[in-house]
Amino acid sequence: MPKFVEVLLDLPIDRSFTYQIPDGMEEKARIGHRVVVPFARREMTGYVVETLDEVEATYTIKEIKRVIDDTPLYNTQTIALAEWMSRFYLCSRGEALSMMIPGGRRDSSIPALESEEDLLFGRVERLSDEQQHAIDTILKREKPMYYLYGITGSGKSEVFLRAAEAIIREGKTVIYLVPEITLTHQLARQVTNRFSQRVAILHSALTPSQRLKEWKRIIAGEVDLAIGARSAVFAPFPNLGLIILDEEHENSYKSGNTPRYHARQVAQRRCQSEGATLVMGSATPSLEAWALMQENKEVGSLHLRNRVSGGTMPVIEVVNLSYEKNLISKTLQERIKETLNKKKQAILFLNRRGFSYFFHCNSCGYELRCPHCAVALTYHKGTEQMVCHYCGYRTKPMRVCPECNSLDVNYSGFGTEMVEEEVRRLFPSARIARLDTDSAKKKGQVGKVIKAFRDGEIDILLGTQMVAKGLNFPLVELVGIVLADSGLNIPDFRAQERTFSLLVQVSGRAGRYNDQGRVIIQTYHPENPAIQYALRSDVQGFYSQELEIRKQTGFPPYSRLINLVFRGRNQQKVEQEVQKFSAHIEQLTVNGGAEVLCSSECPLEKIASNWRYHLLVSGVQASLAHHLVAKALSDYTPARGVYLEVDLDPLQLI
DNA sequence: AGCACGCCGACT
DNA sequence: GTCGGCGTGCTC
């Protein structure tokens, strides 16, 4: 009977601590149980990862205070995954494990959108040849991963579900990952019906105790399929057969706090070590996934070309805003009028992101770009400089727009409020509602607006990113993208990819229930590749030229980026610390292959009275960048009051 | 991450 | 003389 245990704690130190098991507690203090332990004059929740019969110690070993769980919450496989995560994402094992276990640190995701989904679950339809071929290929499992690539409405969900059913019939289990926003009550109900209750729903709105209950059902073998967002990738199935990753391109698969894991990477790892198959799907794959598909080694590419339920693609028009007086162009005004006359609805989409922290021309939207990285420069008010956050290039902001000679250049921009005002002025009798992050803060507000819109009580819905996802409303005939450029100008090498993806996703949805679907893209740069390829629905064309650009500029997938963010109350101290670390890592950068690209203030240099500086490391070979940072971090602890966060494969540098 | 210990400045 | 700044080290 073991008398000692090794315990991991949710601390940024990567060590375990030894505790003694009090008499009579031996049965319950096993691997997989959470325990309460005394630790440096306080109590903490710990995770038992090992049991020991005897230990040699030069210190006095303390006793476990109490055991939390009656039955194990995790197994050696889970612990191994946490170990991998700590190595891969450069965090401690305790941080990784406590992030995986419910009741641990909360997963701070956005509250779920109460919209309904249109995945045609439950309805048994005849499969198309393409779908049948995809299912057959997946079930052969000749490759460890498959990518189901096809437009919205091509029946990806049905392929996923049939594959899941087949795997479950083999006695194995399935994890079905969806972006947070698509996991709705209706979707949950449909999946539950289809798999006759043997389903666990891991929703972010669940309380820790509800989440724990679902975990225990999974462990107890009462469940064949778990559906959920990002963190559902940790669902503790002992006999995992399949992981489905729907809408693979979605950024919400990447965690926003330490460890900043990506559900796709974790899923890959789990499938690899547990002998399961990974099936991903999207109409607009991430460039990383696309590159893997082209290689055709580990990822098998399955293309769904046709829409299952018919429905034509919408007519897409591009309007050049340069020749327009108003923010809402004559063409868009005309289309809105037509739509309203037909008693149909319109959605106006505005990508507001980024306008506040970069400098641009208010007349034509012109933006200063980095000559080395081809990304927009970020305006720093304090130093009156334009800075590239990938290579550190600096220059003075412009006084006159070089494109249109306008003097109206500054760092302010227009937001949803401004557009709303204009729309109200143009259509005084229309019923208009706004849906964005500000209005989403009020609880229940989002659901109310969406319901009203669905019930036809609103004519024009105005919104940001939020409306782009769940916008399947039968009465919508018109989608207007008020300013496609606002996404193109953000200082990010993925700006083109995101814009293209968004345009394709939005267009794909507009024609879903309706043969009259129309999409109007307003832009100052109609010649932009993202817009042009989206207009022609040329997905492959966009990816090949974008991959070429990434190759030339040395960005992912042709390199690995690691962003190290230092933050703290005291600006001087944080700055000093970055410089100190920069010198330290520079010294290790000897045989090349990986280098420090840039170390400077963050694009948003102060958040919640915390000063932020970052250091960006890049490696042509992923492992070289990883090794360099791991080595630099191995014998380093930041000064007091300075906190370091590691972001491996960052999606944005804010 | 916390929390105590310890060594230097300005205060009832 | 003490209160309190934050630099350093440790936690089984």
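Reminder, nothing fancy here: chain letters follow the sequence lines and each chain counts from 1.
Minimum interatomic distance between A:D14 and A:R93 (heavy atoms only, all atoms of both residues): OD1-N, 2.9 Å. Looking at every heavy atom in both residues, A:L615 comes nearest to A:F581 through CD1-CD2, 4.0 Å.
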Please tabulate, one pair per line, each protein N/O and nucleotide N/O from nucleotides 9-12 of chain C that are separated by under 3.5 Å, including the distance.
residue: C:dG9; atom: O6; partner: A:R640; partner atom: NH1; Å: 2.0
residue: C:dG9; atom: O6; partner: A:R640; partner atom: NH2; Å: 2.6
residue: C:dT11; atom: O3'; partner: A:A40; partner atom: N; Å: 3.2
residue: C:dC12; atom: OP1; partner: A:P38; partner atom: O; Å: 3.4
residue: C:dC12; atom: OP2; partner: A:K62; partner atom: NZ; Å: 2.2
residue: C:dC12; atom: O3'; partner: A:T18; partner atom: O; Å: 2.8
residue: C:dC12; atom: O3'; partner: A:K62; partner atom: N; Å: 2.8
residue: C:dC12; atom: O2; partner: A:T18; partner atom: N; Å: 2.8
residue: C:dC12; atom: O2; partner: A:T18; partner atom: OG1; Å: 3.4
residue: C:dC12; atom: O2; partner: A:Y59; partner atom: OH; Å: 2.8
residue: C:dC12; atom: N3; partner: A:Y59; partner atom: OH; Å: 3.3
residue: C:dC12; atom: N4; partner: A:R15; partner atom: NH2; Å: 2.7

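Aromatic ring pairs are classed by plane angle as parallel below 30°, tilted from 30° to 60° and perpendicular above 60°; the pair A:H389 and A:H614 is tilted.
Atom OH in A:Y643 sits about 12 Å away from atom C1' in C:dC6, given to the nearest Å. Rounded to an integer number of Å, the gap from CG of A:L8 to P of B:dA1 is 17 Å. One interatomic measurement links the two molecules: CE of A:M44 to C1' of B:dC3, which rounds to 12 Å at whole-angstrom precision. Atom-to-atom, CG of A:L644 to C1' of B:dA1 comes out at 14 Å; the value is rounded to the nearest Å.
A donor atom on one side chain and an acceptor atom on the other are not found under 3.5 Å apart for A:S286 and A:E497. Counting only N and O atoms by type, the side chains of A:Q265 and A:Y89 include a donor and acceptor under 3.5 Å apart. A donor-acceptor pair shorter than 3.5 Å cannot be found between the side chains of A:T395 and A:Q385.
Annotation: proximity of residues 50-57 of chain A to DNA chain C (heavy atom, distance under 4.0 Å) is found for no residue.
If you take CZ on A:F39 and CZ on A:F17, they are separated by 4.0 Å, rounding to the nearest 0.5 Å.
Contacts of A:T277 classified as side-chain contact (heavy atoms from CB on, under 4.5 Å), with partners at least two apart in sequence or in another chain: A:R141, A:Y146, A:L242, A:V279.
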